[in-house]
Every structure is written in C-alpha cells, then in structure tokens.
There are 2 protein chains.
Amino acid sequence: MNETLHRPDDLGAIGDILGFHIRLAHGAVYRHFSETFSDLDLTQKQVSVLWLVDDHPDIAQADLGRALQMDRATVMAIVNRLQGRGLLVRGASRIDRRRQTLTLTDAGKDALARARVAILDHESWLKGRFSAVEVQMLIALLSRIHGAGVA
Amino acid sequence: MNETLHRPDDLGAIGDILGFHIRLAHGAVYRHFSETFSDLDLTQKQVSVLWLVDDHPDIAQADLGRALQMDRATVMAIVNRLQGRGLLVRGASRIDRRRQTLTLTDAGKDALARARVAILDHESWLKGRFSAVEVQMLIALLSRIHGAGVA
DNA sequence: TATTGTTATACTCTATAACTATA
DNA sequence: TATAGTTATAGAGTATAACAATA
C-alpha cells in the first residue's frame, strides 16, 4: 500500500525515537537561523564563537572546544574563517606559550552586536511557542543530554 | 581577566539561548550515534531513510523529504549513497510516472534489522537520564518546534 | 606524558540553481 | 503552473591522524 502517501502526517514507529525528534528540531532551528542570519552571513557556530570570545577575553581555542563541545580541528576551521574575515585575531599568551589568546576586532564586535539583535528575532520565533516555564523545562532537559554548564 | 579559564563551567549569557542548548544536545546525540553505528557504517539520516522506506513501501523521494524535512537534492544524495551500497532500489511508479518508488533490498532489510538493535543501545543511553514522563514531555516540546507528525 | 595549536584529508549534510519529464 | 527527479556545485561542520612546540 501507500504509494499514495504524499503527505505522511504520521511518523509511525520512528516517532518514538527521541533522537529523531532532536534531529528534526535541530534542523528546523538551523534553517530558521540561516534565514535570519543570511544578511549577516554568520552561522550558529560562528556566532557562538564570537559570543564566547567576547564574554571571555583572551580565551583559547581549546577552551572554545570544551565549551562548545567541538574537536580542536573543528575549532581551528571556524576560527580560521572568522580570522580570515577580520572578525577576531590570534595573540600570544604570556603565561602559557602553547596557547593563543583570541580577541574580537572592532569589526568582530560590530558583527556580534548585530548578531545579538538578530538572535532576539530568532529566539522569539523559537520561544514563542512555549511558556516561560516550558522554556526553562526544555533547557533543563536538554542540559541533561549535553551536560554542559552544570558547574 | 580569565586567561586562566581552562574549564569554563559556566556558559554565561549564552546559556539562556534555547537554540544553543538544542545545538549542543544535537551534537552530543550525533557523536554517540556515530560511535554506536561505526560498525554498521550508517548515519542518522541513512537509518531514518531505511526505516521510513521499510515502514512505507513504495514511498517516493519527495515524501521522504517532507517526512524528514530535507531538500530534494539532499534526499537525492542520501538515496544515491544507499542505492550505491545496494541497500535499496529505485523503481517506476505505475500511477505517476514522475515518481520513483523506493524499496529495500534484502541487504537493506538486513542492515535495518541490525540498525534497530543498535538504536536500542543508543536510545537507552539517551533516554536513561529521563523518566518515562519526561521523555514524553521532551518529545512533545520538541514536536512543537519541528511541527512534524501532528496529524 | 599531556596539552595546544596546526595541517592535511575526507565524509556528510545542506542548500541553490538550472534542467527534463510529467501532471 | 506545479511537482518529481536529476545534476552540478559549493559551503559548513565534523572528525581522524600526524606533527611540532610547550608544559
């Protein structure tokens, strides 16, 4: 049967797979984020890196990797791209010569400022379907999965 | 300050961004899935496609795109890969000659059977941190984001 | 020994654009 | 006009492996 299934409104047994719902939700967020940030030409990860570098001056790449749960090579690729666009600069650390400190340039701070405005739109779209209590509950549940920010 | 921030246990203001938590959770799930399926050499999306093709015989690529919220070209790439590995075959539809029906091969059914076993492990790892009620709550909240399977 | 940064490499997902065939 | 499949192309994220410098 089902050659006429043009609009599968029932997910079937796969609908019980929690990982499946996480992937779908992530995809939806990813697409809306991309639309919202098409003018700024910034991705989710790029904004996260700009944000954390601004929040933690002289943060190193390895720290970003831990905070955003990315491999060193992945951080490298993102930082390279941001540096290539002149949004941040690498500098030498004075206390540990293995490490490189990261600092936003003026252009980087400007991009982040505009990104924060766009994030308001994006988060409103996302959070608009939940009450404040539900948002906190969802964040708490998701935190149990990724395990970050648990002091 | 903060050049000594080697283990940022506090996410700072970015911790209030719901989209940020969704990305982190998705990343954690993605990594564990990859480990669990490294022997089978199947990705999340590939398993989802095998699963849906098995659930809906003669489903077409466009249907997969709607169910999994992927672009036509993205579906194409995944189906090509699965077909190249001999896990499914394309066939002509008899009622709409624009469409191609998709069907699992014996190898595809075998791969899916093994995938279902691996998914049990993966989902146990994922769901183990929640009560049954919390799992249902989380799925309901995530469904409000991706909007699929809502009849 | 462990960590940091780095380079090279490769794979997957994702999407856009343009084309053909069919409805 | 709209939909389905297709092809070509490109960008981004992700990871592994190996190496040098430093702790």
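The model shown is predicted, which means the values in this text are computed figures rather than measured ones. Here is the naming used below: chain letters follow the sequence lines, and residue numbers restart at 1 for every chain.
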Quiz item: Rounding to a whole Å, what distance do you find between B:Gln83:CD and D:dT6:C1'?
Solution: 13 Å
Exercise. Ignoring backbone atoms, establish whether B:Arg66 has a side-chain N or O less than 4.0 Å from OP1 or OP2 of D:dA4.
Key: yes
Practice problem: For A:His26 and D:dA12, give me the distance from atom NE2 to atom C1', rounded to whole Å. | Solution: 12 Å
Quiz item: Taking CG from B:Leu88 and P from D:dG5, how many angstroms apart are they, rounded to a whole number?
Solution: 13 Å
Quiz item: Hey, is the side chain of B:Arg23 poking within less than 4.0 Å of OP1 or OP2 on D:dG13, counting only N and O atoms?
Solution: no
Quiz item: Is the closest basic N to carboxylate O distance between B:Glu134 and A:Arg144 below 4.0 Å?
Solution: yes
Self-check item: Length of the CD1-C1' vector between B:Ile59 and D:dG5, whole Å
Solution: 15 Å
Quiz item: Do A:Asp106 and A:Lys109 meet the salt-bridge criterion of a basic N to acidic O distance under 4.0 Å?
Solution: no
Quiz item: Expressed in angstrom and rounded to an integer, what is the separation of A:Gln100 atom CD from D:dT22 atom C1'?
Solution: 12 Å
Quiz item: Once each nucleotide of nucleotides 13-19 of chain C is scored for protein heavy atoms under 4.0 Å, what B/S/- sequence comes out, 5' to 3'?
Solution: SBBB---
Quiz prompt | Distance-only donor-acceptor check, side chains A:Arg72 and A:Gln61, under 3.5 Å | solution = no
Quiz item: Do B:Asn80 and B:Arg85 have side-chain atoms, one donor and one acceptor, less than 3.5 Å apart?
Solution: no
Quiz item: Which whole-number value in Å describes the distance from B:Leu64 CG to D:dG5 C1'?
Solution: 13 Å
Quiz item: What residues in residues 109-117 of chain B put a non-hydrogen atom under 4.0 Å from any atom of DNA chain D?
Solution: none
Quiz item: Picking from D:dG5, C:dT22, C:dG5, which would you name as closest to the side chain of B:Arg99?
Solution: D:dG5
Quiz item: Side chains of A:Arg31 and B:Gln69: donor-acceptor distance under 3.5 Å anywhere?
Solution: yes
Practice problem: Take the angle between the ring planes of A:His26 and B:His26 and call it parallel below 30°, perpendicular above 60°, tilted in between. | Solution: parallel
Quiz item: In whole angstrom, what separates A:Leu82's CG from D:dG11's C1'?
Solution: 14 Å
Quiz item: Would you say a side-chain N or O of B:Arg98 is under 4.0 Å from OP1 or OP2 of D:dA2?
Solution: no
Self-check item: More than 12 heavy atoms of other groups within 6.0 Å of B:Lys127 NZ
Solution: yes
Quiz item: D:dA20 C1' sits how many Å from A:Met76 CE, rounded?
Solution: 13 Å
Practice problem: Evaluate the side-chain proximity of B:Phe37 to B:Thr43: yes if any heavy-atom separation is below 4.5 Å, no if none is. | Solution: no
Practice problem: State whether A:Arg97 places a side-chain N or O below 4.0 Å from either non-bridging phosphate oxygen (OP1 or OP2) of D:dT22. | Solution: yes
Quiz item: Is a salt bridge present between A:Asp54 and A:Arg116, judged by a nitrogen-to-oxygen distance below 4.0 Å?
Solution: yes
